[in-house]
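A quick write-up on the structure given underneath.
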Amino acid sequence: MPIPYVQECNESMGTVSSAATDIEEAIQAVRDLLGAETWTGSQATGWETDFNGFATDATNSLGTPLDEAMQECRDNAAEWQAESAGTGAN
């Protein structure tokens, strides 16, 4: 009986996808609070600039790089499951 690597991977990737969505929503919630109505001055501007830099890096990481890592995980899981069933993936 093959080891259910694909199912386990899909469940894990569902958790990863949900976490990525939570991170994106949290970043947007902070961005919604930025601006003159919340805080003004040079410290506010500096903090907002720093935050936007970090947030942009985080958001970019949650795009294509995360998608590629998730696909690599799925590909590996399919290969390992096929190997565990004795059929091989190649």
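Excluded from the calculations below are hydrogen atoms, water molecules and symmetry mates; all remaining heavy atoms, backbone and side chain alike, are included.
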Testing the 3.5 Å rule here: is there a donor-acceptor pair between the side chains of Gln71 and Asp67?
no

For the residue pair Gln7 / Glu11, report whether a side-chain donor-acceptor contact shorter than 3.5 Å exists.
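Judged by distance alone, the side chains do pair up.
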
Check: Ser17 side chain, Gly14 main-chain N or O, donor-acceptor pair, under 3.5 Å
no

If you look at every heavy atom in [X] and [Y], which pair is closest and at what distance?
{"X": "Ile27", "Y": "Phe51", "result": "O-CZ, 4.0 Å"}
{"X": "Ala85", "Y": "Pro2", "result": "CB-CB, 3.5 Å"}
{"X": "Thr59", "Y": "Arg31", "result": "OG1-NH1, 4.4 Å"}

Any chance you could measure [X], atom [atom1], to [Y], atom [atom2], to the nearest 0.5 Å?
{"X": "Asn10", "Y": "Arg74", "atom1": "CG", "atom2": "CZ", "value": "5.5 Å"}
{"X": "Glu8", "Y": "Gln81", "atom1": "CD", "atom2": "CD", "value": "9.0 Å"}
{"X": "Gln28", "Y": "Leu33", "atom1": "CD", "atom2": "CG", "value": "10.0 Å"}
{"X": "Ser18", "Y": "Met13", "atom1": "OG", "atom2": "CE", "value": "11.5 Å"}

Answer yes or no: is there a side-chain heavy-atom contact under 4.5 Å between Asn52 and Leu34?
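Yes. Closest side-chain heavy atoms under 4.5 Å.
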
Begin with the C-alpha distance, continue with both residues' side-chain angles, and end with the deciding distance and a verdict on side chain to side chain contact (heavy atoms under 4.5 Å, CB included) for Thr45 and Thr40.
CA-CA 7 Å; Thr45 301; Thr40 61; over 6 Å; no

Measure up the Tyr5 and Trp80 rings against each other and bin them: parallel (under 30°), tilted (30 to 60°), perpendicular (over 60°).
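Perpendicular.
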
Going hydrophobic residue to hydrophobic residue with side-chain gaps under 4.5 angstrom, can you get from Leu62 over to Phe54?
no

